[in-house]
Amino acid sequence: MFVRFALTADLSFSGEIPGEAAEAVEKTVTDSNTVMFRRGVPKGATDDEIGRITDWKIEGNTLSLTIESGPYTRVHDALFRFRKQITATLGRFRLGLRDIQVTGYEITLTGPVPEGLKVPTLPFISSAEVTAEKIELSLQVSATDLEQKIPDRIVKLIEEKMEALTYGGKGEHWELLYESEKKERFFNGDPTAEMIERGWIKHALSRGQWIHGPQSVQLFRAFEQIVMEEIITTLGFTEMIFPKLVPWEVWEKSGHAKGVYPEIYYVCTPKTRDPAYWEEVGDYFKVTGKVPIDMIREKVDGPIGGLCYAQCPSFWPFVQGQTLASDCLPIRIFDRSGTSHRYESGGIHGIERVDEFHRIEILWLGTPEQVVETADKLHAAYKHLFDEVLNLEWRSAKVTPWFMAQEGMLDGEGVNERIGTTDYEAILPYSDSWLEFQNVSVNGDKYPKGFNVKVQTGKDCWSGCSGIGLERWTAAFLAQKGFDMNNWPERVTALVGEQKELFKFL
Ligand SMILES: Nc1ncnc2c1ncn2[C@@H]1O[C@H](COS(=O)(=O)NC(=O)[C@@H](N)CO)[C@@H](O)[C@H]1O
Ligand SMILES: [Zn+2]
């Protein structure tokens with residue numbers, strides 16, 4: 001795409017601009033066009049690619065400018081560079097710059113426009129024309145918007161949307177890394193249906209949410225214990241507690257704020273704690289037995305953020321803005337302190353795809369070498385766990401990095417080949433489909449950059465994370481091993497012990 005910008009602006013000064021100043025203004029315009037606007041422009045850029053003042057006129061205390069550019073020294077950058085020059089020039093005539101009014105701003109992107117491109121609806125875009133080979137935008141922007149580089153971000157956003165449409169079909173990247181040998185299958189049913197049948201779990205009252213009875217929890221805790229022994233203790237990870245209510249600021253820094261909105265469970269706060277303010281809500285419920293949602297909606301603030309989604313982002317404020325001493329690296333921590341929530345795709349699923357799930361989130365950070373080495377150690381430990389301890393039929397594959405998928409980004413070309421996500425999948429005999437039950441990711445410098453974390457050497461700081469989904473482990477394990485404990489690996493049987501049957505429903 002070739003991008004052109006055009007801008008008209010009125011610069012108003014503290015008094016009438018005298019006739020004799022015209023010459024000085026002319027000189028400042030020429031200097032800007034020939035020298036100032038060429039600063040930092042790559043060699044070989046043609047004249048019409050570089051910002052230029054193509055017209056100007058003085059009327060009373062106002063200097064009106066027309067600026068045009070291609071991609072270099074874009075018109076708003078030219079405007080602010082010129083502002084510096086002209087303030088000095090007219091300062092000599094004892095005139096101060098009072099205000100800049102942007103009276104027009106056009107962006108034209110020329111090149112093949114993919115089918116179905118939707119120009120974003122933003123307050124800054126006053127009109128948009130899209131044809132097969134061109135996109136023309138008129139913006140309504142203030143000088144402050146230009147200082148915040150709104151036009152550049154709009155162009156970047158449109159380019160991202162076009163890329164997504166062009167490569168959209170590429171979808172998720174998937175490349176097989178390892179496949180275990182086939183294992184004996186002791187069960188052919190849907191584990192969730194069987195768990196319900198046996199009273200191990202029951203649907204809870206919120207969407208995609210379950211109440212886990214003792215038998216299910218005994219299995220969750222057995223898996224957790226095995227993770228503690230085989231992974232956490234063996235590799236030296238230490239427990240922390242990461243917050244589970246995530247404010248926007250965390251997701252702004254983690255990048256989730258780019259595109260996680262369709263799947264968030266949003267959180268709002270009362271406008272006031274004053275009981276009198278809320279009395280009518282309780283009264284309404286007392287009288288009707290119904291909760292007045294619309295009335296509540298008027299009385300809350302926010303959403304201030306949402307419930308835990310990816311689990312690792314809310315750790316990062318712990319180290320935000322800090323420099324870590326080399327001798328404390330690599331940091332290896334984990335969190336299992338609460339639930340994650342995702343407003344998943346429609347339809348009722350089994351426990352393998354729920355809106356509220358229980359995950360052990362393993363997180364490590366340090367130099368790139370330390371982070372890659374830790375990931376490799378984790379892969380080896382997991383392989384031992386699934387092959388020898390749980391004796392699962394499983395495979396692993398390199399996929400689109402989880403954080404890109406969650407931000408709706410494409411698999412970035414050219415990122416360091418060690419950066420990425422490995423999914424662990426287990427076969428579910430009853431549906432003959434593979435279920436991703438956990439993953440291991442090398443996230444590169446994404447989080448340290450997002451949260452401004454440095455290491456003593458001043459070199460890159462990288463991080464990685466691994467999410468172990470206990471619902472998914474349980475679904476995969478039961479789908480393959482069934483419910484007869486004699487067919488379970490004895491480590492699991494020993495940890496589960498005698499199953500608790502508490503409830504007798506008549
Ligand atoms: N809807 C869901 N239901 C049950 N488990 C889920 C769900 N979504 C994710 N998980 C579990 O969480 C793991 C990691 O989720 S992820 O989105 O792939 N990755 C992340 O969020 C990373 N932060 C690592 O946790 C998945 O492998 C799966 O085990
Ligand atoms: Zn994570």
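One-based numbering, in listed order, for ligands and for the atoms of each.
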Numbered atoms of ligand 1 (with element) below 4.0 Å of [X], judged on heavy atoms:
X	answer
G469	29 (O)
C312	23 (N)
F437	27 (O), 29 (O)
G467	13 (C), 24 (C), 25 (O)
E344	1 (N), 2 (C), 8 (N)
E436	18 (O), 26 (C), 27 (O)

ask   = Are the side chain of R395 and the backbone of Y424 linked by a donor-acceptor contact shorter than 3.5 Å?
value =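 No.
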inquiry  = Main chain of T422, side chain of W402: is a donor-acceptor contact present, judged purely on distance under 3.5 Å?
reply    =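 No, because the side chain of W402 does not come within donor-acceptor range (under 3.5 Å) of the backbone of T422.
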query = What is the name of the N/O/S atom in E361 that sits closest to the Zn ion (ligand 2)?
reply =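 When I compare the N, O and S atoms of E361, OE2 is nearest to the Zn ion (ligand 2).
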task = Answer yes or no: is there a side-chain heavy-atom contact under 4.5 Å between M240 and D335?
result = no
task = Validate the cation-pi geometry between K202 and F505: distance from NZ or CZ to the six-membered ring centre under 6.0 Å, angle to the ring axis within 45°.
result =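 Yes, a cation-pi geometry.
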ask   = Has R342 got its NZ or CZ under 6.0 Å from the middle of the six-membered ring of Y309, at an angle within 45 degrees of the ring axis?
value =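 Yes.
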message = My understanding is that we take every heavy atom of each candidate and find the minimum distance to atom 20 (C) of ligand 1. Doing that for E356, R359, E263, which one comes out nearest?
response =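 Minimum heavy-atom distance to atom 20 (C) of ligand 1 goes to R359.
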key: Ring centre gap for Y430 and F187 strictly below 6.0 Å   = no
task = Give a yes/no on ligand 1: does Q311 have at least one heavy atom closer than 4.0 angstrom to it?
result =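 The answer is no, since Q311 has no heavy atom less than 4.0 Å from ligand 1.
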